[in-house]
Amino acid sequence: MKTYNWAILGCGRIARKFSNDLKLLPNARLYAAASRDYANAETFAGELGFQKAYGSYEAMLADPEVDVVYVATPHSHHHEHVMMCLRAGKAVLNEKAFALTLREAREMVQTARDNGIFLMEAFWTRFQPSFLKTLEILQSGELGSLKIVRSDFAFRAIKDPEKRLYNVSLGGGSLLDIGIYPVFAALSVLGVPKRIKALASFAETGIEESIAMVFQYPGGELASLYSSFATNSFVTTEYNCEKGSIFLARRWMAPTSVTVWHEGGREESFTFQEPGNGYQYEAKHVMECLDAGKTESEMMPLDFTLKMMETLDRIRMETGIVFPGRK
């Protein structure tokens, strides 16, 4: 089993969580961390145990020992930074949202495919044991056909126009930051909707602060989804089927329990107590793909990522969400 030298591009909060989970994988080496601020990279590398720190992304990408890069900058910069990595010939795990627009995502995917370089969206929920169990139950047919998906993600955020969440220039707004999770909850089981209806509320800074979405599918299935920075929610997801329902508990994107209600009143619970924050599963999968010589993941394929970005673009057009200078 090959040991892979991981590099972190962008030394923020999620990069710290991801790096700590890399330590759970015996074939992952914490090799390099890069920031535009060398002092920040040096502190990050020292605290997390990386071998090298770089004060520029270009310098890190020029290091021939780097095997795979985790891009953890704001999603407003994902297109730029992923393209840098691909031009340097580095395998990439790119944090969600994959990009700001479908146009950007298409260029990133096409570049990776044209050059035979591994690229995957870091949608960690897809690899959680709890979510895999949920998919297993839904696909087994024991609950009958899926009819309705209900999913939410909301928390009260600090209204700081200089910080990412409320800053339009950094791709701020709840949709791409947390609304992407409910959208994923629907797309992963029902696919791209035939019809989308959405309403959004905007903050003084111009970002979309709250959004409610309804998806309608050709077979009559529906998805009711919302996200918000203005209020807290239980952050749960329900899959309602003909003969029962599946409930993913609070913080459903990586839940510790899944409850299944069967028609007639029978209830089952599945508990998952795993080490770390849960980011190790996607990292492990990336290395398995690289071991097998794959340039795309079959669990989180780039075509799914493009469908996600297409759906997010449709929601933005429906609600009037605009990122200045981006199409």
Side-chain angles (χ1 to χ4, degrees), residues 13-14 16-28 93 95-96 120-156 177-190 221 223-228 231-289 297-300 304:
R13 183 173 59 88
I14 196 168
R16 184 174 295 272
K17 291 181 178 180
F18 179 85
S19 299
N20 274 320
D21 281 1
L22 278 182
K23 298 175 184 179
L24 299 172
L25 304 173
N27 58 330
L93 176 61
E95 192 50 65
K96 60 192 177 336
M120 189 183 90
E121 183 175 10
F123 219 111
W124 66 319
T125 302
R126 178 64 181 87
F127 303 94
Q128 300 301 311
S130 50
F131 192 73
L132 295 178
K133 182 63 177 179
T134 299
L135 293 180
E136 176 189 321
I137 296 169
L138 288 172
Q139 292 165 4
S140 73
E142 64 181 274
L143 299 179
S145 298
L146 177 62
K147 294 299 183 181
I148 296 175
V149 176
R150 189 208 60 77
S151 184
D152 66 81
F153 195 154
F155 67 90
R156 290 190 65 190
D177 190 76
I178 55 177
I180 193 171
Y181 283 103
V183 172
F184 170 84
L187 259 64
S188 60
V189 293
L190 291 174
E221 304 89 350
S224 175
L225 321 168
Y226 81 87
S227 63
S228 178
T231 183
N232 294 304
S233 75
F234 284 106
V235 192
T236 59
T237 288
E238 289 182 22
Y239 291 111
N240 303 127
C241 305
E242 291 174 309
K243 302 176 184 178
S245 297
I246 304 174
F247 176 75
L248 280 69
R250 184 168 175 79
R251 198 172 174 270
W252 71 265
M253 69 291 302
T256 56
S257 68
V258 173
T259 301
V260 183
W261 290 299
H262 294 266
E263 192 173 52
R266 184 167 66 91
E267 182 178 305
E268 289 181 283
S269 290
F270 301 91
T271 302
F272 304 87
Q273 296 292 342
E274 304 291 339
N277 296 297
Y279 297 99
Q280 69 269 28
Y281 302 113
E282 61 183 359
K284 180 174 182 287
H285 178 72
V286 168
M287 294 187 290
E288 289 172 345
C289 288
S297 163
E298 294 174 357
M299 288 183 67
M300 190 66 198
F304 179 88

Determine whether [X] and [Y] make a side-chain contact, defined as any pair of heavy atoms from C-beta on separated by less than 4.5 Å.
X: Lys133; Y: Phe272; value: yes
X: Ser130; Y: Leu248; value: no
X: Cys289; Y: Ser297; value: yes

Ignoring hydrogens and angles, tell me if any N or O in the side chain of [X] forms a donor-acceptor pair with the backbone of [Y] under 3.5 Å.
X: Glu221; Y: Ser145; value: no
X: Tyr239; Y: Ala185; value: yes
X: Thr125; Y: Met253; value: yes
X: Asp152; Y: Val235; value: yes
X: Asp21; Y: Gly278; value: yes

(request) Just jot down the side chain to side chain donor-acceptor pair (under 3.5 Å) partners of Arg250, sequence neighbours excluded, or say none. (result)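 Expected list: none.
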Interatomic spacing from [atom1] in [X] to [atom2] in [Y] - rounded to 0.5 Å:
X: Asn240; Y: Phe247; atom1: CG; atom2: CZ; answer: 11.0 Å
X: Ser228; Y: Phe153; atom1: OG; atom2: CZ; answer: 11.5 Å
X: Leu93; Y: Glu282; atom1: CG; atom2: CD; answer: 5.0 Å
X: Ile246; Y: Phe270; atom1: CD1; atom2: CZ; answer: 9.0 Å
X: Leu146; Y: Ile137; atom1: CG; atom2: CD1; answer: 12.5 Å
X: Arg150; Y: Glu238; atom1: CZ; atom2: CD; answer: 4.5 Å

(request) Please indicate whether Glu267 has more than 12 foreign heavy atoms, meaning atoms of other residues, nucleotides or ligands, lying under 6.0 Å from its CD. (result)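 Result for CD/Glu267: enclosed.
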Exercise: identify the closest heavy-atom pair between [X] and [Y]:
X: Leu143; Y: Trp261; result: CD2-O, 4.3 Å
X: Asn277; Y: Gln280; result: N-OE1, 4.3 Å
X: Ser227; Y: Ile178; result: CB-CG1, 4.0 Å
X: Ala154; Y: Tyr226; result: CB-CE1, 4.1 Å
X: Pro182; Y: Ser151; result: CA-OG, 3.4 Å
X: Leu22; Y: Ala283; result: CD2-CB, 3.7 Å

(message) Walk me through whether Glu274 and Tyr281 qualify under side chain to side chain contact (heavy atoms under 4.5 Å, CB included).
(response) CA-CA 10 Å; Glu274 304 291 339; Tyr281 302 113; 2.9 Å; yes
(request) Report the residues that fulfil ring pair (Phe, Tyr, Trp, His ring centres under 6.0 Å) with Phe123, sequence neighbours left out, ordered by chain and then residue number. (result)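 Here the qualifying residues are Tyr181, Phe184.
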(request) Just jot down the ring pair (Phe, Tyr, Trp, His ring centres under 6.0 Å) partners of Phe127, sequence neighbours excluded, or say none. (result)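 Per chain and number, Phe127 pairs via ring pair (Phe, Tyr, Trp, His ring centres under 6.0 Å) with His285.
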(message) Go through it in stages, so that I can follow the logic: the residues are Leu132 and Arg126, the test is side chain to side chain contact (heavy atoms under 4.5 Å, CB included), and I'd like the CA-CA distance, side-chain angles, deciding distance and then a yes or no.
(response) CA-CA 7 Å; Leu132 295 178; Arg126 178 64 181 87; 3.2 Å; yes
(request) Under the side chain to side chain contact (heavy atoms under 4.5 Å, CB included) rule, what do Met120 and Met299 come out as? Steps first, then yes or no, please. (result) CA-CA 10 Å; Met120 189 183 90; Met299 288 183 67; over 6 Å; no
Sequence neighbours excluded, which residues qualify as salt bridge (charged side-chain N to carboxylate O under 4.0 Å, His left out) partners of [X]?
X: Arg251; answer: none
X: Glu242; answer: none
X: Glu288; answer: Lys284

